[in-house]
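Only one structure is covered here, and it is reproduced in the block below.
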Number of protein chains: 2
Amino acid sequence: MSLATTGVPNLDWTDPECPVARALDLVGDRWSLLVIRDAMDGARSFTEFQRRTGIARNILTDRLRRLIAHGLLAQRAAPSGRRREYVLTDAGRDLFAVVLTLRQWGERHAFAPGEAHSVLVDRHGAPVPEIAPTGADGAPLDTDTTHVRKAR
Amino acid sequence: MSLATTGVPNLDWTDPECPVARALDLVGDRWSLLVIRDAMDGARSFTEFQRRTGIARNILTDRLRRLIAHGLLAQRAAPSGRRREYVLTDAGRDLFAVVLTLRQWGERHAFAPGEAHSVLVDRHGAPVPEIAPTGADGAPLDTDTTHVRKAR
DNA sequence: TCAAATTGGTTGCAATTTGCTACTTATTGG
DNA sequence: CCAATAAGTAGCAAATTGCAACCAATTTGA
């Protein structure tokens with residue numbers, strides 16, 4: 001894998017002109033988004049990621065390197081002490097909306113009614129409101145009211 | 001794989017109480033979300049999914065069955081003729097926000113500046129605005145201003 | 001201080017998943 | 001009726017993942 005001069009990875013895209021496909025080429029495997037989730041939730045060390053995700057250690061090694069190579073994670077010196085730690089880059093932090101919509105979809109469709117699950121809350125402890133895609137005019141958008149316009 | 005009486009699949013969750021992890025257990029593989037993307041964009045037949053995604057045929061067979069088993073796709077008789085077609089269920093259509101945020105992240109971070117890509121537009125041809133997670137008070141939310149509250 | 005535990009890996013091998021290339025069995029369409 | 005298309009299946013090779021053991025540096029605690 002190599003980086004183009006633009007910072008955008010230069011790999012064999014599954015579907016080069018589709019942003020969804022490109023995003024999935026970067027984080028659409030079994031583990032990457034869980035690593036990102038845990039980084040968002042404060043994980044910083046190899047051991048901590050391993051403990052939280054349960055991922056195999058050699059695969060975690062690979063994923064952390066991939067995420068660094070793709071610019072979603074970075075390694076920097078830990079504030080206290082000499083060891084290095086993994087931190088999200090701006091691009092990594094920007095996956096917040098993706099992880100949030102996945103979470104909200106999971107809450108709606110992957111739990112039995114009344115079944116307990118963790119909740120994302122803001123600084124005041126209030127649950128984060130559900131995201132509802134809307135158009136410029138404020139009307140709710142969905143599959144039926146939108147379509148893809150091909151790149152030119 | 002079996003379905004619980006609630007309609008929620010009953011599998012070995014990677015992390016049972018995390019909605020993000022559960023969502024990824026359902027659609028977090030290499031291909032499922034691309035199949036969903038194409039279904040949202042009008043694909044209905046096996047051949048059409050195969051052509052658009054480029055996925056191996058045996059894997060596509062498996063993914064379509066998984067998505068049906070998990071309640072994201074359904075098969076129904078095609079309006080014209082005898083053949084059956086694949087259509088999104090409500091749960092499948094509800095992945096709209098997930099696919100949209102993935103798309104928007106991809107547009108921001110997986111393309112070189114100025115590089116061409118497809119765009120999602122509404123009925124009037126206007127590009128869909130970017131999603132920005134906000135709290136109940138309207139303040140923008142991100143990784144730094146939210147945290148996960150464990151299930152009780 | 002010095003041994004034990006922890007961190008951050010690596011290595012080798014087995015099991016699982018994926019992809020490729022046929023082959024098959026309905027339907028259509030002309 | 002014949003050929004093309006749709007929707008898979010089957011078999012096997014290649015790639016990915018997981019497991020368990022091993023290893024070198026820190027860090028910690030008695």
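Small disclaimer: the values here were computed from a predicted structure and weren't measured. Quick note on labels: first sequence line is chain A, next is B, and so on, each numbered from 1.
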ask   = Just how far, in rounded Å, is C1' of D/dA7 from CZ of B/Phe46?
value = 6 Å
inquiry  = Tell me whether the side-chain N/O atoms of A/Arg84 come closer than 4.0 Å to OP1 or OP2 in C/dT7.
reply    = no
query = Hey, are A/Arg93 and A/Asp90 close enough for a salt bridge, meaning a charged N less than 4.0 Å from a carboxylate O?
reply = yes
ask   = Out of D/dG8, C/dG8, D/dT17, which nucleotide sits closest to the side chain of B/Gln75?
value = D/dG8
inquiry  = It should be established whether B/Ser45 places a side-chain nitrogen or oxygen under 4.0 Å from OP1 or OP2 of nucleotide D/dA6.
reply    = no
key: Length of the CG-C1' vector between A/Leu60 and C/dG8, whole Å   = 10 Å
query = Which of the following nucleotides, C/dG19, D/dA7, C/dG9, is nearest to the side chain of B/Ile55?
reply = C/dG19
task = Rounded off to whole Å, could you give me the CG-to-P distance for the A/Asp29 and C/dT18 pair?
result = 12 Å
inquiry  = Any base atoms under 4.0 Å from B/Arg44, or only sugar-phosphate, or nothing? Heavy atoms, all strands.
reply    = nothing
ask   = Where the side chain of B/Asn58 is concerned, which of D/dG18, C/dT10, D/dG11 is the nearest nucleotide?
value = D/dG11
ask   = Atom CG of A/Asp12 and atom P of C/dT18: how far apart are they, to the nearest Å?
value = 19 Å
query = How close or far is atom P of C/dT18 from atom CH2 of B/Trp31, stated in whole angstroms?
reply = 10 Å
ask   = Under 4.0 Å between a side-chain N/O of B/Thr61 and OP1 or OP2 of D/dG8, yes or no?
value = no
note = Closest of C/dG9, C/dG19, C/dG8 to the B/Ile59 side chain is C/dG19
ask   = C/dG9 P sits how many Å from A/Leu64 CG, rounded?
value = 7 Å
ask   = Are any of the side-chain heavy atoms of B/Arg22 and B/Asp15 separated by less than 4.5 Å?
value = no
message = In this structure, how many angstroms lie between the P atom of C/dT6 and the CD atom of A/Glu85, rounded?
response = 20 Å
inquiry  = With a 4.5 Å cut-off on side-chain heavy atoms, are B/Val35 and B/Leu60 touching?
reply    = yes
message = Ignoring hydrogens and geometry beyond distance, is a side-chain donor-acceptor pair present between B/Asp94 and A/His109 at under 3.5 Å?
response = yes
5' priority, DNA chain C, between B/Asp62 and B/Arg57 [closest heavy atom] = B/Asp62
request  = Considering just the side-chain nitrogens and oxygens of A/Tyr86, establish if one lies under 4.0 Å of OP1 or OP2 belonging to C/dG9.
outcome  = yes
query = Would you say the side chain of B/Glu17 lies within less than 4.5 Å of the side chain of B/Lys150, judging by non-hydrogen atoms?
reply = yes
task = Classify the nucleic acid contact of A/Arg65 as base, sugar-phosphate or nothing, counting any heavy atom under 4.0 Å across all strands shown.
result = sugar-phosphate
task = May I have the distance from B/Glu48 (atom CD) to D/dT5 (atom C1'), rounded to whole angstrom?
result = 13 Å
